[in-house]
Amino acid sequence: MIVALNEEVALAVALPMIMVLTQTIHSMRRGYRTSATARCIMQIAKLVAVPEEPSDGDIRRLRLRFSSSTLIDAAAFVSEHIYGEALYRLSFIVEECEIDHHLLKSIRRATTRQRRVKLLAKLSQLASVSVAAEYSEGYLDEPEQDIRTYATASLIMAHPERAIRYIARLRHNISLHDAAMFAQLMRRAGAPIAYTPLLTSKSRNLQLIGLYLCEHFSIVDAEPLLQQLCESEDATIAQTALFALCTIQGDITTPQVKRAVERLLPHQRDALIRHMVYSCYSLRSCANLLGREERLRFAQRLNSYKCQIVCN
Amino acid sequence: MQLTSIILTSLLIVVLCCAILFAVEWHRAYNSLSVTPLLREGIGHIGVSVVVEYPSTTAPLFRLLEERYPRSEAIMVVDMQQHDSPFGTLIQQFRLVKVNHSHLKGVRALYRSRHRAYRRIVVIDLPATNRQYAAERGREVATYDYILYLQGESLIAHDAITYCANIIARHHDVPNLSLQSLVGATARLERASGAELGNRSNISSERVLAWGKRDLWPSLIAIFTPAIAVVASRLTGEKSLLAVAVAASLVLSVFLYVSTRVMTEKGLLVTLDTILRNFYRYLVRKVKNFNYLYKGSSWSVKSSAQRVPTMVLTKRDKTNLKQL
């Protein structure tokens with residue numbers, strides 16, 4: 001009995017020990033990879049900071065010391081933090097170390113969707129220093145939404161002047177997060193951003209990007225277009241337009257706005273009340289839009305929020 | 001004896017199946033989040049209010065002020081009479097002033113900052129005896145539509161708010177997000193007014209958010225559970241129980257494998273403890289959802305955190321209402 005029990009107890013104790021060992025090995029491997037990436041970033045940053053082009057010896061040293069995946073991570077990180085001439089030097093390093101070549105090969109070989117999306121995101125980061133981004137056009141018709149989104153992102157970085165065309169080509173409805181990401185990429189790549197063609201476009205995705213820009217930069221001149229978009233059949237567009245209108249402190253007493261508010265669900269109305277208080281609207285201006293209890297809630301919130309405070 | 005062993009074995013098999021499902025869902029969640037690029041600029045109107053209930057130090061507040069996401073605020077629910085020293089100095093430091101709080105039941109005072117740089121700080125002075133109303137009062141004061149609840153000394157991870165806002169913007173159609181942590185303490189992220197939509201939590205939007213102090217004994221129990229099961233199986237002479245115990249150990253190793261993928265600053269024992277705790281919560285939520293869907297019960301909606309804010313009418317409010 002005791003001998004048999006010992007075997008099983010040994011088994012039961014051994015399993016947690018195996019788990020501990022697995023976890024330790026995994027953590028150590030991860031730690032090593034993180035430190036290698038940090039060292040690689042340091043090396044690339046040093047080469048990029050020097051005004052001269054990197055020598056063949058430097059390039060060879062980089063290729064020998066670091067794996068291709070580490071080089072991809074490090075180059076993507078550095079490219080996001082540099083401007084001007086430094087980008088040209090980085091593009092030279094990317095070309096000589098064949099980082100983009102490795103990246104494209106990995107994208108082609110990736111078996112899972114997540115892996116491909118991650119690599120495409122890396123490609124979009126490297127797009128400003130590599131010609132390989134053009135190859136992502138082949139992924140614009142993939143069935144997976146994320147793959148299409150990140151392929152579009154890398155194309156925007158490669159050809160900022162064609163950004164609107166690429167976004168309009170997307171077949172799925174993008175989220176507000178994607179719209180923000182595209183808008184930020186367009187700004188970084190120096191693409192011309194005009195809100196009027198975006199807001200008047202028939203494409204829902206372009207309208208969403210236009211709304212994001214109006215809200216983010218508080219474009220007061222966009223008020224008439226925002227009023228029109230409040231009546232959009234797309235609920236997300238109508239709601240975002242309403243919030244953008246409040247952010248720019250536009251006129252919310254118009255019939256379009258009233259109809260848009262009536263279409264909102266109760267929890268969306270409550271969110272709008274919070275947003276209107278935050279945007280410094282008075283109770284009088286919102287009185288026609290809200291119900292009896294909502295008006296009271298608005299007044300209480302307004303009193304507790306702004307009353308007696310003078311910001312400096 | 002036969003019946004007991006059958007019941008026990010089937011129960012363990014059900015738990016194991018749930019554990020595998022849980023591990024798979026977490027793995028998917030982690031994978032989907034790992035491809036989300038972190039946008040630190042404000043994403044539209046989306047913002048997150050963080051309600052910290054009765055912290056004993058000012059560390060949570062300073063951690064929240066480090067957040068770079070612009071549309072966020074820190075609401076500290078404190079009892080000034082108990083923690084007078086740390087928060088008394090804060091009021092001077094951040095130039096906090098008392099504002100109108102007549103609609104907040106049981107609240108002694110409500111403070112906001114006069115200084116534009118600190119407009120993200122809100123302090124609610126609520127007696128500790130009214131602890132049960134802390135979440136509700138925090139929600140009534142919150143500026144943004146999504147609220148992250150933290151307990152006591154829990155500190156959020158760096159960029160946690162930014163992650164929250166990014167996830168909300170990505171899954172904006174989901175009515176009520178529930179963000180939980182696998183290796184950290186669970187932090188609820190709820191819509192301020194999503195009560196009528198029910199408890200439709202979305203496990204695919206989970207992310208490491210917060211952690212707090214943890215005791216070690218549950219982890220020790222977790223590790224030695226297979227050992228106890230093996231011994232019990234030997235004593236009772238049930239071989240099936242032994243097989244299930246070994247399988248349980250294997251599932252635990254799968255848990256650990258998943259946990260290493262989201263490992264942050266945590267030791268092994270604490271990780272295991274919180275994983276098991278989250279697994280328990282996962283089971284409870286599944287049972288609640290089952291009950292809600294098939295029996296039409298709405299008891300999950302009636303929890304204190306998801307109740308619709310109650311209106312407290314003072315005399316002045318009633319006269320205002322008549323005028324409106």
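All figures in this text were calculated on a predicted structure; none of them were measured in a lab. Chain letters run A, B, ... following the sequence lines, proteins first, then strands; residues in each count from 1.
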Completion exercise
Cut-off 4.5 Å, heavy atoms of chain A, and the answer for B:Ala142 is both

Handout entry: Under the ring pair (Phe, Tyr, Trp, His ring centres under 6.0 Å) test, residues paired with B:Tyr144 that sit two or more places apart
Key = A:Tyr278

Practice task
For B:Arg108, look at atom CZ and say whether over 12 heavy atoms of other residues, nucleotides or ligands are found less than 6.0 Å away.
Solution key: yes

Fill in the blank from the handout: Between the CG atom in A:Leu176 and the CG atom in B:Leu39, the distance rounded to the nearest 0.5 Å is 10.0 Å

Exercise for the section: With a 4.5 angstrom heavy-atom cut-off, could you sort out which part of B:Ile43 is near chain A: side chain, backbone, both or neither? Expected result: both

Practice task
Answer yes or no: are there more than 12 heavy-atom neighbours, outside A:Tyr281 itself, under 6.0 Å from its atom OH?
Solution key: yes

Exercise for the section: Over all heavy atoms of both residues, which pair between A:Ser175 and B:Ala169 is shortest? Give the atoms and the distance, please. Expected result: CB-O, 3.5 Å

Handout entry: Contacting region of B:Val122 [heavy-atom separation from chain A under 4.5 Å]
Key = neither

Handout entry: Basic-acidic side-chain contact under 4.0 Å: B:Arg170, A:Asp146
Key = yes

Practice task
Look at the rings of A:His275 and B:His45 and say which category their plane angle falls in: under 30° parallel, 30 to 60° tilted, over 60° perpendicular.
Solution key: perpendicular

Exercise for the section: Just jot down the ring pair (Phe, Tyr, Trp, His ring centres under 6.0 Å) partners of A:Tyr139, sequence neighbours excluded, or say none. Expected result: none

Practice task
Go through the structure and list residues passing salt bridge (charged side-chain N to carboxylate O under 4.0 Å, His left out) with A:Arg269, not counting sequence neighbours.
Solution key: A:Glu294

Completion exercise
Listed by number, the residues in residues 211-218 of chain A that come under 4.5 Å of chain B (heavy atom to heavy atom) are A:Tyr212, A:Glu215, A:His216

Problem - Gap separating the NE2 atom of B:His103 from the CZ atom of A:Arg301, nearest 0.5 angstrom - result: 6.5 Å

Completion exercise
Rounded to the nearest 0.5 angstrom, the CG-CZ distance for B:Asp145 and A:Arg274 is 6.5 Å

